[in-house]
Asks: 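Below you will find the structure I want to go over with you.
Position 1 is the first residue of the sequence; numbering continues from there.
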Amino acid sequence: MKNPSDKGKRSSSPSGKNSRYKQRPPAKRPASKKAAAKPTSPKRPARSAAAPRRRKTAHSGAGTPSRGWLRPLINWGGTLVLWGVLISGVILGYFAYTLPDISGINVIEKRPSLVFQTEKGVRFATYGDLYGNMLRPDEIPENMKNAVMAVEDSHFYDHFGVNPFSLVRAMWRNYQAGRVVEGGSTITQQLAKNLFLNPDRTLQRKIREVLLAFWLEANYSKDEILALYLNRMYFGSGTYGIDAAARKYFSKPARDLTIAEAAMLAGLLKAPTYYAPTANLDRAQQRSTVVIRRMEAEEFITPATANALVKAPATLRNAGSNFRNVRYFSDWVVSEVRSYIGRTEEDLIVRTTLDLDLQTNAEQSLESQLKTNSKKYNVSQAALITMTPTGAVKAMVGGRNYARSSFNRAVSAQRQPGSVFKTVVYTAGFEKGRAPDDVYMDGPVNIGGWKPHNYSRRYDGAMSLREAYSRSINTIAVKLTEDIGRGAVASTARKMGLTGKIPTHPSISLGTNEVSLVEMTSAYAVIANGGYGVLPYGVLEIKTASGKVLYQRHGSGLGRQLSARTVNHMRSIMTTAIQSGTGRNANPGFPAAGKTGTTQDYRDAWFIGFTPSLVTGVWFGNDDGSATKKVTGSNLPALAWRDFMKASTGASDRIAFAREKEPLSDSSIWQKIIQTFGSSSTPARSGSGTSNPVPGVPEYPTGATDRP
């Protein structure tokens with residue numbers, strides 16, 4: 001009889017009817033009584049007591065485990081964070097490793113500075129990098145600190161070197177504007193950038209800036225960082241630090257700055273060159289208004305104080321700020337300094353010949369004529385230089401406005417002198433024995449086809465050299481040149497200091513060679529000082545900032561170039577030219593001598609003359625050489641010269657010219673005879689000006705005429 005349990009075992013066995021593979025039947029074991037009594041159930045076996053029961057959650061779906069997406073997210077997120085930290089560490093490590101050397105934070109690298117002073121010691125210009133005293137935190141006025149924080153970093157004492165809120169705000173505003181309109185850098189970041197980095201707007205520079213800002217905050221107190229910032233930042237016009245800026249712009253130490261002055265200096269930090277008050281005072285004052293309103297908003301000052309300051313902004317108080325064109329003189333002196341001492345890395349103080357009162361008069365006399373007559377006469381530029389008879393330059397105006405054009409028309413421009421060159425011609429004639437009362441014939445001239453004519457287009461016959469000079473007669477100047485020889489005129493020009501090329505063609509007498517105003521004026525100074533050579537100069541002394549004297553001026557040493565007889569004759573006829581000749585408009589009402597000059601088509605107009613104490617040259621014209629509307633030496637230049645000389649020559653200086661005497665020589669009896677009898681008693685001679693014609697005169701183009 002079969003056991004009922006065998007059937008159940010077979011139905012559940014893999015060796016059943018539907019089994020794919022035949023299995024060896026298991027070995028038979030003796031059945032227990034309990035097993036034989038209870039048959040086996042085909043249901044799922046019961047869970048072991050050790051197996052935990054799976055808990056269903058509300059998030060568990062049918063057949064989806066609850067941690068199906070969370071575990072990968074945590075794994076991948078953690079991995080990315082770890083890699084991000086690692087990569088960031090490598091990047092920051094690289095930038096930290098490549099930071100510039102920060103050990104020299106207290107070392108100042110700068111160009112040597114030049115400080116220019118008048119003869120009386122008044123500073124009027126500076127060049128190079130000018131640093132003032134390094135001020136301690138307690139030496140910096142609170143007004144200055146508050147002004148800078150208000151406009152640059154109002155939360156300076158609250159952040160750790162970087163202000164995240166400012167950075168986010170700046171990024172948003174720059175995004176809205178589509179360009180960089182605001183920076184989010186703190187004072188600490190700005191200090192780091194200016195001390196150690198370049199101004200390039202790159203991500204690499206910004207990262208280094210942040211790292212350096214952290215380093216500064218870790219090694220210096222807030223007060224020390226602010227002091228470093230104010231001592232080292234650029235304030236325009238070559239000045240670094242508030243002490244140098246205060247002395248440059250306001251002629252005072254930083255501790256004495258007013259709120260208005262502090263606001264102007266704080267305003268420069270955004271764009272020192274653009275807002276520099278020496279370049280544009282109105283623009284600097286407008287910027288200071290922005291600073292004052294920020295100080296009001298940050299409650300550093302009251303609204304009443306702010307309103308008062310806006311109505312009365314700071315103004316410049318340095319000597320050079322009163323002049324539009326004093327830089328023409330200082331630029332010229334810079335080259336003179338280098339020629340005396342060469343290159344140096346030391347800070348220098350240069351005492352010059354400049355007279356600020358005369359500089360004021362020079363600028364005003366030219367601007368008065370240009371302002372009134374510029375459009376009427378189609379003339380845009382003018383220049384003036386004045387010096388003592390020994391060559392000390394007292395004032396120089398190289399153009400109408402230095403800020404618009406720094407080209408020095410008094411020194412660098414080469415132009416035809418016109419009739420002012422006739423002074424050289426007549427000087428050469430007197431050196432050759434001619435005299436003011438010698439008579440020449442004013443008539444037609446034809447030299448190899450070249451036919452110069454007078455400004456009046458007529459001829460007046462016989463006249464003395466005195467009259468011909470005072471009326472600026474061209475034909476007689478030509479005849480005198482041909483009489484004494486063109487080589488004599490060129491030689492005299494060189495003795496009087498004209499260094500340019502002077503071709504000896506027939507038109508030499510009419511001033512067709514090119515010269516500068518400073519050279520032509522110094523040539524007149526030879527006559528003014530009694531016949532001694534002149535080298536124009538502007539430097540009296542050069543010394544280091546520590547007081548060591550590197551150069552001190554002594555005499556020029558050129559010696560006598562013209563005879564006393566010639567000097568007396570020239571002073572005489574030049575005085576006539578001012579009293580009754582073409583220079584009548586220049587007559588100042590006291591002893592003076594001079595000459596007008598006008599070139600072809602009224603391109604250049606000159607007046608050069610002197611008193612016993614000053615020699616002054618004036619030029620009017622256009623930079624492009626275009627013709628003016630009949631500006632001649634007898635109108636605008638003569639009027640400007642007169643105005644300047646009347647304002648510049650005191651009553652005690654208005655003395656008559658002393659008659660020059662020939663120096664006696666023990667070995668020269670002839671000199672004693674000249675000194676005893678003189679040449680003024682020599683009877684006047686008559687001459688045609690062609691008694692000694694020059695053979696083989698080359699042809700010269702017609703039309704090279706001159707006007708008085």
Asks: Ignoring hydrogens and angles, tell me if any N or O in the side chain of Gln359 forms a donor-acceptor pair with the backbone of Met396 under 3.5 Å.
Replies: yes
Asks: I'd like to know if the side chain of Thr427 and the backbone of Thr423 have a donor-acceptor N/O pair within less than 3.5 Å.
Replies: yes
Asks: Looking only at heavy atoms, which two atoms of Ala592 and Thr611 are closest? And how far apart?
Replies: CB-CG2, 4.1 Å
Asks: Hey, could you give me the CD/CG distance between Gln381 and Leu370, rounded to the nearest 0.5 Å?
Replies: 7.5 Å
Asks: Report yes if some heavy atom in the side chain of Tyr459 is under 4.5 Å from a heavy atom in the side chain of Met441; otherwise report no.
Replies: no
Asks: Is the side chain of Asn513 donor-acceptor paired with the backbone N or O of Val515 at a distance under 3.5 Å, no angle test?
Replies: no
Asks: For the rings on Phe116 and Phe329, is their centre-to-centre separation under 6.0 Å?
Replies: no
Asks: With rounding to the nearest 0.5 Å, note down the distance linking CD1 in Ile573 to OG in Ser464.
Replies: 9.0 Å
Asks: Tell me yes or no: between the side chains of Lys595 and Ser472, is some donor less than 3.5 Å from an acceptor?
Replies: yes
Asks: Is any side-chain heavy atom of Val337 less than 4.5 Å from a side-chain heavy atom of Tyr127?
Replies: no
Asks: Short question: side chain of Asn408, backbone of Tyr328 - any donor-acceptor pair under 3.5 Å?
Replies: yes
Asks: Locate the shortest heavy-atom distance separating Gly429 from Ile484; write the atom from each residue and the value.
Replies: N-CD1, 3.5 Å
Asks: Are the side chains of Ser572 and Arg466 in touch, meaning some heavy atoms are under 4.5 Å apart?
Replies: yes
Asks: Any donor and acceptor pair, going by atom type alone, linking the side chain of Asn454 with main-chain N or O of Ile473 inside 3.5 Å?
Replies: no
Asks: Decide yes or no on side chain to side chain contact (heavy atoms under 4.5 Å, CB included) for Ile508 and Phe421, but give the supporting numbers first.
Replies: CA-CA 9 Å; Ile508 184 176; Phe421 190 80; 4.1 Å; yes
Asks: Working to the nearest 0.5 Å, report the span between OG1 of Thr390 and CG of Leu535.
Replies: 11.0 Å
Asks: Of Val333, Leu540, Thr118, Val539, which is the lone residue that meets side-chain contact (heavy atoms from CB on, under 4.5 Å) with Thr353?
Replies: Leu540
Asks: To the nearest 0.5 Å, how far apart are NZ in Lys432 and OG1 in Thr566?
Replies: 11.0 Å
Asks: Is the shortest side-chain heavy-atom distance between Val631 and Pro637 below 4.5 Å?
Replies: yes
Asks: Tell me which one of Thr582, Thr576, Asp460 satisfies side-chain hydrogen bond (donor to acceptor under 3.5 Å, both in side chains) with Arg471.
Replies: Asp460
Asks: Do Glu541 and Gln552 have side-chain N/O donor and acceptor atoms under 3.5 Å apart?
Replies: yes
Asks: For residues 355-378, which residue pairs qualify under ring pair (Phe, Tyr, Trp, His ring centres under 6.0 Å), counting only residues two or more places apart or in two chains?
Replies: none
Asks: May I ask you to decide whether Asp355 forms a salt bridge with Lys120, counting only side-chain N to carboxylate O separations under 4.0 Å?
Replies: no
Asks: Would you say that Thr575 contacts Phe657 through its side chain, given a criterion of any heavy-atom pair below 4.5 Å between the two side chains?
Replies: yes
Asks: Give a yes or no on whether the backbone of Gly589 and the side-chain of Asn587 come within a donor-acceptor separation of less than 3.5 Å.
Replies: yes
Asks: Taking all non-hydrogen atoms of both residues, which atom of Ala435 and which atom of Leu465 are closest, and how far apart?
Replies: O-CD1, 3.4 Å
Asks: Considering all heavy atoms of both residues, which atom of Met387 and which atom of Ala525 are nearest to each other, and what is their separation?
Replies: SD-CB, 4.4 Å
Asks: Just do the salt bridge (charged side-chain N to carboxylate O under 4.0 Å, His left out) check on Arg400 and Glu367 with the steps written out, would you?
Replies: CA-CA 7 Å; Arg400 189 173 187 181; Glu367 183 58 28; 3.1 Å; yes
Asks: Applying side-chain hydrogen bond (donor to acceptor under 3.5 Å, both in side chains) to Ser237 and Thr278, what does each step give before you reach the verdict?
Replies: CA-CA 7 Å; Ser237 298; Thr278 50; 2.8 Å; yes
Asks: How long is the gap from CD1 on Ile385 to CG on Leu517, to the nearest 0.5 Å?
Replies: 6.0 Å
Asks: Distance-only, no hydrogens or angles: does the Ser365 side chain make a donor-acceptor pair with backbone N or O of Ala362 under 3.5 Å?
Replies: yes
Asks: Does the side chain of Ser406 come within less than 4.5 Å of Arg327's, by heavy atoms?
Replies: no
Asks: Is any side-chain N of the basic residue among Asp483 and Arg434 closer than 4.0 Å to the acidic one's carboxylate O?
Replies: yes
Asks: Should Trp606 and Thr598 be marked as a side chain to side chain contact (heavy atoms under 4.5 Å, CB included) after you check the CA-CA gap, both sets of side-chain angles, and the distance that decides it?
Replies: CA-CA 6 Å; Trp606 308 64; Thr598 312; over 6 Å; no
Asks: I'd like to know whether His505 forms a side chain to side chain contact (heavy atoms under 4.5 Å, CB included) with Thr512, so could you lay out the CA-CA distance, the side-chain angles of the two residues, the decisive distance to 0.1 Å, and finally the verdict.
Replies: CA-CA 10 Å; His505 48 62; Thr512 54; 3.3 Å; yes
Asks: Could you check whether any side-chain N or O of Trp641 sits under 3.5 Å from a backbone N or O of Thr616, counting only pairs where one atom can act as donor and the other as acceptor?
Replies: yes
Asks: Within the distance-only criterion (no hydrogens, no angle test), does the side chain of Tyr469 pair as donor or acceptor with the backbone N or O of Lys422 below 3.5 angstrom?
Replies: no
Asks: Would you say Ser522's side chain and Glu519's backbone share a donor-acceptor pair under 3.5 angstrom?
Replies: yes
Asks: Start with the C-alpha distance between Glu119 and Lys394, add both sets of side-chain angles, then the distance that settles salt bridge (charged side-chain N to carboxylate O under 4.0 Å, His left out), and finish with yes or no.
Replies: CA-CA 10 Å; Glu119 188 172 2; Lys394 292 296 183 180; 3.3 Å; yes
Asks: Can you find a pair of side-chain heavy atoms, one from Ser419 and one from Asn474, that are under 4.5 Å apart?
Replies: yes
Asks: Taking all heavy atoms of Ser470 and all of Ala577, pick out the closest pair and write down the distance.
Replies: CB-CA, 3.8 Å
Asks: Output side-chain donor-acceptor pairs under 3.5 Å for residues 619-626, partner residues at least two apart or in another chain, one line each.
Replies:
unit_1 : atom_1 : unit_2 : atom_2 : d
Trp619 : NE1    : Asp604 : OD1    : 3.0
Asn622 : OD1    : Ser380 : N      : 2.9
Asn622 : OD1    : Ser380 : OG     : 2.9
Asn622 : ND2    : Asn378 : O      : 3.1
Asn622 : ND2    : Ser626 : O      : 3.4
Asn622 : ND2    : Ser626 : OG     : 3.3
Asp623 : OD1    : Arg409 : NE     : 2.7
Asp623 : OD2    : Arg409 : NE     : 3.4
Asp623 : OD2    : Arg409 : NH2    : 2.9
Asp624 : OD1    : Ser626 : N      : 3.0
Asp624 : OD1    : Ser626 : OG     : 2.7

Asks: Taking it one step at a time, do Leu480 and Tyr426 satisfy side chain to side chain contact (heavy atoms under 4.5 Å, CB included)?
Replies: CA-CA 8 Å; Leu480 178 59; Tyr426 279 73; 4.1 Å; yes
Asks: With rounding to the nearest 0.5 Å, note down the distance linking CG in Asn585 to OG1 in Thr632.
Replies: 8.5 Å
Asks: Do the side chains of Val122 and Leu356 get nearer than 4.5 Å, heavy atoms only?
Replies: yes
Asks: Closest approach of Ser563 and Glu431, non-hydrogen atoms and distance?
Replies: OG-OE2, 2.9 Å
